[in-house]
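Chain A is the first sequence line, chain B the second, and so forth, proteins listed ahead of strands; every chain is numbered from 1.
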Number of protein chains: 2
Amino acid sequence: MRPSQALRLWQQVLLSQVRENEPDLTMRQTAILLTIYLDPPPHTVRGLAARLNVTKPVITRALDTMGALKLVSRHRDELDKRNVLIRRTVEGALFVERFGDGIVAKAHELPI
Amino acid sequence: MRPSQALRLWQQVLLSQVRENEPDLTMRQTAILLTIYLDPPPHTVRGLAARLNVTKPVITRALDTMGALKLVSRHRDELDKRNVLIRRTVEGALFVERFGDGIVAKAHELPI
DNA sequence: GCAAATTGTTTCGCTTCCGTTTCAGTCCGC
DNA sequence: GCGGACTGAAACGGAAGCGAAACAATTTGC
């Protein structure tokens with residue numbers, strides 16, 4: 001893949017996301033969402049903050065927003081009640097799946 | 001490209017963007033930026049709003065933000081002074097180039 | 001020449017995000 | 001037990017985003 005193709009792909013995917021009024025997540029939120037859905041659980045606020053090199057409140061707020069959108073859910077860890085475990089949801093899985101399919105579709109439409 | 005690969009690529013690119021404290025643009029802003037740098041000029045507020053299916057103030061505000069970051073610049077059209085022409089900048093070109101290279105690099109690191 | 005249309009910006013009230021700091025709840029070593 | 005360490009959330013002031021509507025500046029049509 002050449003940089004010009006990569007940029008064009010990125011543009012096309014973003015354009016379709018924006019145009020179709022998908023939830024307007026920030027770059028950070030999207031990074032968090034994909035990490036939750038691609039990296040193996042368990043996911044904690046602290047772990048995500050470390051993985052993204054951001055502060056914990058950033059994760060907390062992102063989870064608030066994505067929780068309201070039903071893209072993720074929070075559950076208190078029963079073994080260590082200080083922890084909050086972030087879990088995937090059906091809606092979130094569908095959203096991520098749709099997103100991945102969108103990328104592949106746009107990649108196929110690209111000129112060579 | 002399979003959806004799982006596409007998602008993994010997207011995650012890796014977003015993670016590096018977030019971690020390296022690159023300008024935290026929204027999805028809309030990124031879509032606007034890439035459109036300015038990939039689609040042929042001239043670019044106007046109205047044209048970008050139509051291309052992204054958003055309102056004009058969205059474009060105006062995004063240009064304010066990205067203008068402050070020196071990623072784009074605005075110039076009044078001398079032929080039709082109602083228009084504002086959006087132009088590329090050296091900083092913006094470097095940013096976009098770096099972004100494209102980043103995608104390619106992450107693509108190469110991906111498992112098959 | 002002048003009303004109507006077009007373009008981009010501004011304003012309004014509201015929501016969301018930011019970094020920093022502080023707080024409440026929980027666990028652990030002693 | 002109990003003080004210190006740890007985890008996630010809440011509070012705070014400030015910045016920036018949103019949609020809708022109103023706005024100046026400019027061009028166009030008659």
Side-chain angles (χ1 to χ4, degrees), chain A residues 14-15 17-36 41-87, chain B residues 14-15 17-36 39 41-88:
Chain A
L14 287 178
L15 282 179
Q17 282 292 110
V18 171
R19 278 198 282 239
E20 285 157 29
N21 288 319
E22 293 280 1
D24 189 20
L25 302 178
T26 67
M27 213 171 302
R28 288 176 168 191
Q29 289 170 347
T30 309
I32 293 169
L33 185 70
L34 289 181
T35 296
I36 292 169
H43 298 288
T44 63
V45 173
R46 168 142 190 81
L48 290 171
R51 181 121 170 79
L52 274 80
N53 192 32
V54 296
T55 60
K56 290 190 295 179
V58 168
I59 305 294
T60 294
R61 281 186 294 251
L63 294 179
D64 289 343
T65 304
M66 295 191 295
L69 293 170
K70 313 244 187 211
L71 297 178
V72 299
S73 66
R74 276 190 272 211
H75 305 271
R76 187 62 69 172
D77 184 354
E78 285 306 318
L79 279 69
D80 183 343
K81 293 187 178 168
R82 290 173 302 178
N83 286 328
V84 162
L85 302 179
I86 296 110
R87 293 219 292 256
Chain B
L14 287 178
L15 281 179
Q17 283 290 111
V18 170
R19 279 199 281 241
E20 285 158 28
N21 286 319
E22 294 280 359
D24 188 20
L25 302 179
T26 67
M27 214 173 299
R28 289 175 167 192
Q29 289 169 346
T30 310
I32 294 169
L33 185 71
L34 289 181
T35 297
I36 293 169
D39 288 1
H43 298 288
T44 65
V45 172
R46 168 146 188 79
L48 291 171
R51 183 122 168 80
L52 275 79
N53 191 31
V54 296
T55 60
K56 290 189 294 178
V58 168
I59 306 294
T60 294
R61 282 185 291 250
L63 293 179
D64 289 344
T65 304
M66 294 192 293
L69 294 170
K70 312 246 188 210
L71 296 177
V72 298
S73 66
R74 276 191 273 211
H75 305 270
R76 188 61 71 171
D77 183 354
E78 285 306 317
L79 278 69
D80 184 343
K81 294 186 178 165
R82 288 172 305 180
N83 287 328
V84 162
L85 302 178
I86 296 108
R87 292 218 294 256
R88 302 164 187 172

Starting at atom NZ of A:K81, determine the distance to atom P of D:dA9, rounded to an integer number of angstrom.
-> 16 Å
Quick one: which of C:dC18, C:dA5, D:dA20 gets closest to the side chain of B:R61?
-> D:dA20
Nucleotide of C:dC27, C:dT9, D:dA9 approaching A:V45 most closely (side-chain heavy atoms) = D:dA9
OP1 or OP2 of C:dT9 sitting under 4.0 Å from any side-chain N/O of B:T60?
-> yes
Determine: side-chain N/O of B:T44 to OP1/OP2 of C:dT7, distance under 4.0 Å, yes or no.
-> no
B:R28 has a side chain; which of D:dT28, D:dC18, D:dG8 sits nearest to it?
-> D:dC18
Report which part of the nucleic acid A:K56 touches: base, sugar-phosphate, or nothing (heavy-atom distance under 4.0 Å, all strands).
-> base
Picking from C:dG25, D:dT27, D:dG19, which would you name as closest to the side chain of B:V58?
-> D:dG19
Rounded interatomic separation in angstrom, taking NE2 from B:H43 and C1' from C:dT7 = 18 Å
Measure across A:L52 and A:R28 and return the closest heavy-atom pair with its distance rounded to 0.1 Å.
-> CD2-O, 4.0 Å
How would you label the contact of A:D64 with the nucleic acid (heavy atoms, under 4.0 Å): base, sugar-phosphate, or nothing?
-> nothing
Excluding sequence neighbours, so at least two apart, what forms salt bridge (charged side-chain N to carboxylate O under 4.0 Å, His left out) with B:R46?
-> none
From the list C:dC17, C:dG8, D:dG19, which nucleotide is the closest neighbour of the side chain of A:Q29?
-> C:dC17
Base, sugar-phosphate, or nothing: which does B:T55 touch, judged by heavy atoms less than 4.0 Å apart?
-> sugar-phosphate
Give the minimum heavy-atom separation between A:Q29 and A:D24, together with the two atoms involved.
-> OE1-O, 4.4 Å
Starting from C1' on C:dC28, measure out to CG on A:N83 and report it in whole angstrom.
-> 14 Å
Round to a whole Å and report the spacing from CD1 of B:I32 to P of C:dG8.
-> 13 Å
Nearest heavy-atom contact between B:R88 and B:I36 is NE-O, 2.9 Å
CG of A:L25 versus P of D:dG17: gap in Å, rounded?
-> 16 Å
Using a 4.0 Å heavy-atom cut-off across all strands, classify A:R46 as base, sugar-phosphate, or nothing.
-> sugar-phosphate
B:L48 CG to C:dT7 C1', straight-line distance once rounded to whole Å | 13 Å
Donor-acceptor contact present, side-chain A:R74 to main-chain A:R87, <3.5 Å = no
Residue whose closest nucleotide on DNA chain D lies nearer the 5' end, B:A62 versus B:P57 | B:A62
Toward the 5' end of DNA chain C, which comes first, A:L79 or B:D80, by nearest nucleotide?
-> B:D80
Should the heavy atoms of other residues, nucleotides or ligands under 6.0 Å from CZ of B:R19 be counted, would the total exceed 12?
-> yes
Atom CD1 of A:I59 and atom C1' of D:dA10: how far apart are they, to the nearest Å?
-> 17 Å
Protein-nucleotide distance (A:N53, atom CG; C:dG19, atom P), rounded to Å = 11 Å
